[in-house]
Amino acid sequence: MEGNRKIILTGDRPTGRLHLGHYVGSLKRRVELQNSGEYDDINILIADDQALTDNADNPGKIRDNIINVVLDYLSVGLDPDKVTICVQSALPALHSLTFYYMNLVTTARVSRNPTVKSEIQMRGFADEGLPVGFFCYPISQAADITAFDATVVPVGEDQLPMIEQTREIVEKFNKTYGDTLVLPKAMIPENETQRRLPGVDGKAKMSKSLGNCIYLSDTPKTVKKQVNGKMFTDPQHLRIEDPGHIEGNVVFAYLDALCTDDHFREYLPDYANLDEMKEHYMRGGLGDGVCKKFLISVLEETLSPIRVNREKWSANIGDVYDILADGINRARKKTDATLARVQRAMRINYFEDRSITGEWEKMLKNPAE
Ligand code: TRP
């Protein structure tokens with residue numbers, strides 16, 4: 001089915017507070033998409049059930065982080081009047097759709113999914129045994145996406161195999177049962193900087209277990225500690241006069257992602273822009289201390305309004321619950337309608353109209369036919 005409305009569905013697993021990597025890679029973009037006016041409908045799913053597929057022994061972690069993630073969304077400026085924020089476990093249609101789609105996918109196909117493959121390794125499931133629920137999560141993600149009739153799915157690159165899998169399910173479903181589901185497209189971050197914000201220690205990704213994150217809700221003191229105490233720069237840049245390297249230097253990776261010429265005017269007027277600063281660093285004579293101090297100012301300018309919003313929403317937590325209840329309500333109507341359409345297409349809507357019971361009665365009267 002061709003979607004004639006432009007509909008976004010995206011989501012996150014609520015396994016932790018959101019950090020700067022999320023901000024640069026997806027949250028900032030979502031706010032821009034929300035404000036672009038180009039989309040008819042924008043939905044953000046907190047995928048708690050998906051998070052449980054590899055956290056079955058720790059539902060408390062998922063429970064706590066649902067509210068953390070909602071607060072992070074609202075704090076960065078996602079506007080509940082413009083986007084629907086909802087929770088996966090409150091949308092039973094998603095589970096029903098998953099169950100039908102599971103019949104359209106082979107285990108061999110899911111086994112080939114490169115993201116699932118590497119996650120199986122990372123989580124030790126290769127040795128311990130692989131939970132069926134975890135193995136099936138790409139199929140449940142296809143249910144998430146199709147239930148909203150999404151045409152566009154903004155995600156990180158690692159999620160491309162899920163969108164590919166979703167497209168295959170849509171094609172298979174439509175071929176088998178008639179044109180019913182909308183074929184979605186992935187939308188990935190525009191540039192390398194957005195795609196990969198390294199951890200403060202220079203490791204490829206921010207991750208809670210490595211302790212190399214800067215969270216949106218971190219205090220100024222913690223941010224300063226992460227930058228001054230842990231941030232990886234250039235190990236060959238020993239004396240200020242030595243030429244420095246930009247490549248692999250986390251301070252510059254973060255500046256690439258966040259700083260503007262205005263930041264230079266305000267905090268480091270020696271340079272007009274980042275290119276000039278980089279040039280000086282590479283030439284030699286610019287110390288890491290100055291660079292880090294500037295980065296901390298840039299980070300604070302980014303994070304302090306987010307922190308203020310978080311405090312405001314936390315102080316009015318009842319409003320946050322209302323926003324979630326309203327989002328869930330809207331999402332439930334939408335996803336229930338898709339499930340009804342799917343069951344109709346499959347003709348398993350036995351009691352919805354008289355057509356199937358009518359056929360039964362005809363069959364019972366003419367058993368030979
Ligand atoms: N798997 C996604 C992630 O880990 C989260 C997610 C769940 C999602 N359902 C989705 C993303 C639907 C996009 C669309 O980031």
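None of the values given here were measured: they were computed from a predicted structure. Both counts, for ligands and for their atoms, begin at 1 and track the order of listing.
With a 6.0 Å radius and a threshold of 12 heavy atoms from other residues, nucleotides or ligands, E279 has its CD atom at or below the threshold. Heavy-atom neighbours of E192 CD from other residues, nucleotides or ligands within 6.0 Å: above the threshold of 12.
Only side-chain heavy atoms of Q159 come within less than 4.0 Å of ligand 1; its backbone N, CA, C and O stay farther off.
If you check which protein heavy atom lies closest to atom 7 (C) of ligand 1, you get Q50 NE2, 3.3 Å. Of the protein's heavy atoms, Q141 NE2, 3.5 Å lies nearest to atom 8 (C) of ligand 1. Considering only non-hydrogen protein atoms, atom 12 (C) of ligand 1 sits nearest to L9 CD1, 3.5 Å. Scanning the protein heavy atoms around atom 9 (N) of ligand 1, the nearest turns out to be D144 OD2, 2.8 Å.
Salt-bridge formation is not detected for the pair R123/E128: no Lys NZ or Arg NE/NH1/NH2 atom is positioned less than 4.0 Å from an Asp or Glu carboxylate oxygen.
Between the side chain of N366 and the backbone N or O of K362 there is at least one donor-acceptor pair closer than 3.5 Å. Formation of a donor-acceptor pair under 3.5 Å by the K292 side chain with backbone atoms of V227 is found in this model.
Of the N or O atoms in R13, one or more lie within a sub-3.5 Å distance of an N or O in ligand 1. Considering backbone and side-chain N/O atoms, T10 never comes within less than 3.5 Å of an N/O atom of ligand 1.
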